[in-house]
Amino acid sequence: MPDLNDATRGRILYGGDYNPEQWPEETWQEDVRLMRQAGVTTVTVGVFSWARLEPTPGGYEFDWLDRLLDLLHAAGIGVVLATPTASPPPWLGHLHPETLPQAENGTTVWYGSRNQFCASSPEYRRRAAAITEQLAARYGQHPALTMWHINNEYGTHCWCDATAAHFRRWLQHRHGSLEELNSAWGTAFWSQHYSDWAEILPPRQAQYIRNPAQLLDFARFTSDALLECYTAEHAVVARHSPGIPVTTNHMPFWRGQDGWAWAKRQDVVALDLYPDPDDALGAQYGALVQDLARSMAGGPWMLMEQATGAVNWRPVNRPKPHGLTRLWSLQAVARGADAVCFFQWRQSRQGAEKFHSAMLPHSGPDNRTFREVTALGAELDRLGPAVSGAPVTAEIALLHDWDSWWAGEQPGRPSQLTGYQETVTAWHRALWESHHTTDLAHPAADLSGYRLVVIPSLYLLTDTALDNLTAYVRSGGTLVCGWFTGVADHQDRIRPGGVDARLRELLGLAAVHHWWPLAEGDRVHCENADGTGFDGALWSEELELADAEVHARYRSGELAGRPAVTRHPYGEGTAWYVSTQPEPEALRTLLDRAAREAGARPAVEGLPAGVEAVRRGELLFLLNHGPQQAKCEPPGEWEDLLANRRADATVVLERHGVAVLKPVGA
Ligand code: GAL
């Protein structure tokens, strides 16, 4: 299988989405000239070009794309060629309204925007395969072709009749018989028993809380149905272009696609990332989703989209201050990106995104944005040979699973205030702020390479995952397990005893008698064994211990006096349990302590707050996300690759400053 290296060939790819169909052809010459000036290596073409490529059913027009690809190739610019299937032309919806998605309440989602397709529609799939075949046959061997890009941000949902039929087939395959399905969905509850497959529907709008197991299976099905669309197009382009990698771009931490399953089918994992420049924790959010992209890829990944400045879809869209685009781009490189790209090359004058920033803004190249883009292109070019392909070092794994997200975030649960992504973010933040580098991992993945494994909260854990965790700790690993974990099995049945018996044994708990969620704004005070204290929020639990040691006790509320945080030696290892959501500083202290006890260390000790240090291969990246200048003293002797000189013993990073250091002599 080809991989990202087949596209980068030892460089860092640099560029963005290019939508030349929005411009007269005279502009293309200027585009290419400015791309070269900016150090652009690669552009993504054709993402939303279906109506231009096939303006009438079966009436293809490729001349313009022929000219464009030749022009780019002559300029030495590679092309990530997209299949345009994310945005079918109006004629498809007009002739075949059954290709349009239907919402939960049966209303049609019309054309006039984008993404108006039903993944289960045979007609949509037929038309998507046809345009893909045409493109692949025509350009599959084009010398500019660097990578294939399928569709764009797969994320649609549909509840129509074709979806219902497809869902039934998927369920038959998953459950085998109607009896099994009734059992898996617990249909004895509320008279939901099915006596015929034909009765089964996607979970459409209903009077009251819908069947949680049905919702869970529908989330799994939707991810799989979209993945089928992806793999069908992947197969077409791969047939015409052996050796050329194929990708699709993921939205960051997107609920609708099981990223672990998708990544297995992609040659390259590509991510779109838009942290809010006004968010003080924007860099941490970026780090989290970059860590996820790297972990999905199992190595280098592609930053397919980011913004040079403002987006157009927040309530208030502010530009990025000077230096932030560079800082966040190099952060992605530090965390494993071998491609740094933007949405988009030239800012649109019309359409829904005319206020979205671009590499080349409305005001043209004589602009801070374009100067920064150009400077970044030169720096990435310089870094490429030292960085490209190098692995990122992480000694800690944070466990994440879409199944658990889907099952755990449904109506009818103990608290609607808890959010899966918020909890993962809080735990990742605690590690990030104490300067540890973290991978994300599936709960059934091989964890033996990690010194510490943390579970923010995994409501659903399969038998395989539970056995995996047990084996990991027994053979010497350290686990820190957060609240409301191990409660449901793969089909969202509550485990006997409320929490799985294997997990209780691992954690040294006799029972979790009650989940005791906290009201909005409520805090529960906890006291550590050493007399220090912290507040917990969102959640608490009434625990009964077997042989775990108490690390902290609740000191306020209904659970005052009872254990809150526990520690349990198990086999050769240690398992902690954290039954509330500690305030950020307390979680940081706890996880840092567990990491250090397990032998995991940050890349550099004693870093100032806001400075991120990441090891990639032999390189050390230092990134200053703080509001002012920061100083670091990484032990050893270093060459500063960006400044192109020997680094001082004290590395001074200005606001938004970055140093990429290579050991002297390496
Ligand atoms: C992405 C999308 C791009 C563009 C961008 C704007 O979600 O893939 O086409 O719309 O957002 O931020």
Side-chain angles (χ1 to χ4, degrees), residues 15-23 42-53 79-89 109 111-117 147-157 226 229-230 233 247-257 259 262 266 268-279 282 285-286 289-290 292-293 301-320 324-325 328-329 332 337 339-362 369 373:
D17 278 32
Y18 180 35
N19 295 303
E21 64 269 45
Q22 295 174 15
W23 301 92
T42 326
V43 289
T44 300
V45 171
V47 177
F48 298 115
S49 305
W50 195 342
R52 185 70 199 273
L53 293 168
V79 171
V80 177
L81 188 57
T83 65
T85 52
S87 199
V109 177
Y111 46 87
S113 176
R114 66 178 187 190
N115 304 109
Q116 74 287 358
F117 65 89
M147 205 185 301
W148 281 103
H149 173 312
I150 305 295
N151 200 283
N152 191 67
E153 294 188 337
Y154 277 103
T156 56
H157 280 74
L226 290 166
C229 293
Y230 170 80
E233 291 186 31
T247 190
T248 185
N249 48 344
H250 292 261
M251 283 179 264
F253 224 103
W254 176 245
R255 192 175 190 276
Q257 285 163 292
W262 278 69
Q266 296 174 234
V268 171
V269 168
L271 172 73
D272 298 347
L273 177 57
Y274 295 94
D276 186 347
D278 265 356
D279 178 357
Y285 168 73
V289 291
Q290 291 162 13
L292 177 57
W301 53 280
M302 174 173 194
L303 179 58
M304 178 75 88
E305 289 183 21
Q306 58 170 339
T308 58
V311 297
N312 66 310
W313 38 261
R314 293 199 168 95
V316 176
N317 299 296
R318 305 228 299 160
K320 286 180 175 167
L324 193 58
T325 293
W328 284 357
S329 298
V340 172
C341 300
F342 293 91
F343 177 83
Q344 62 176 329
W345 163 252
R346 186 186 273 273
Q347 192 166 23
S348 301
R349 286 188 59 205
Q350 291 180 289
E353 295 182 323
K354 56 188 182 294
F355 293 114
H356 194 290
S357 61
M359 298 169 83
L360 184 58
H362 289 310
T369 297
V373 159

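These figures come from a predicted structure and were not determined experimentally. Whatever order the structure lists them in is the order used to number ligands and atoms, beginning at 1.
Within the listing of ligand 1, atoms 2 (C), 8 (O), 9 (O) sit less than 4.0 angstrom from a heavy atom of Asn152. Near His356, meaning under 4.0 Å from any of its heavy atoms, are these atoms of ligand 1: 6 (C), 12 (O). If you number the atoms of ligand 1 from 1 as listed, the ones under 4.0 Å from a heavy atom of Glu153 come out as 1 (C), 2 (C), 7 (O), 8 (O). Listed by number with element, the atoms of ligand 1 under 4.0 Å from a non-hydrogen atom of Phe48 are 9 (O). Residue-ligand proximity, Trp313 to ligand 1, at heavy-atom distances under 4.0 Å covers atoms 6 (C), 12 (O). Close approach of ligand 1 to Asp272 is summarised as follows: ligand atoms under 4.0 Å from at least one heavy atom of the residue are 8 (O).
When only interatomic distances are considered, the shortest N/O to N/O separation between Asn312 and ligand 1 does not fall below 3.5 Å.
Proximity of Asp17 to ligand 1, defined as any heavy-atom pair under 4.0 Å, is not found for any part of the residue. When heavy-atom distances to ligand 1 are checked against a 4.0 Å cut-off, Gln344 has no atom that comes that close, whether in backbone or side chain. With a 4.0 Å heavy-atom cut-off, ligand 1 is reached by the side chain of Glu353 but not by its N, CA, C or O.
By the 4.0 Å heavy-atom criterion, Arg114 is counted among the residues contacting ligand 1.
Residues Leu271 and Pro252 have side chains in contact (heavy-atom distance under 4.5 Å, counting atoms from C-beta outward). Side-chain contact between Phe343 and Asp272: absent, with no pair of heavy atoms (C-beta onward) separated by less than 4.5 Å.
Of all protein heavy atoms, the one closest to atom 11 (O) of ligand 1 is Glu305 OE1, 3.6 Å.
A donor-acceptor pair is defined here as one N or O able to donate and one able to accept, closer than 3.5 Å; such a pair exists between the side chain of Gln347 and the backbone of His356. In this structure a side-chain-to-backbone donor-acceptor pair under 3.5 Å is present from Thr325 to Thr308.
Residue Glu353 holds its CD atom at 10.5 Å from CH2 of Trp313, rounded to the nearest 0.5 Å. Atom CH2 in Trp345 sits 12.0 Å away from atom CH2 in Trp23 (nearest 0.5 Å).
Looking at every heavy atom in both residues, Ala86 comes nearest to Phe48 through CB-CE2, 4.2 Å.
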| said: Using the rule given for side-chain hydrogen bond (donor to acceptor under 3.5 Å, both in side chains), can you reason through Glu233 versus Asn151, listing the C-alpha separation, both sets of side-chain angles and the distance that settles it, and then say yes or no? | reply: CA-CA 9 Å; Glu233 291 186 31; Asn151 200 283; 4.6 Å; no
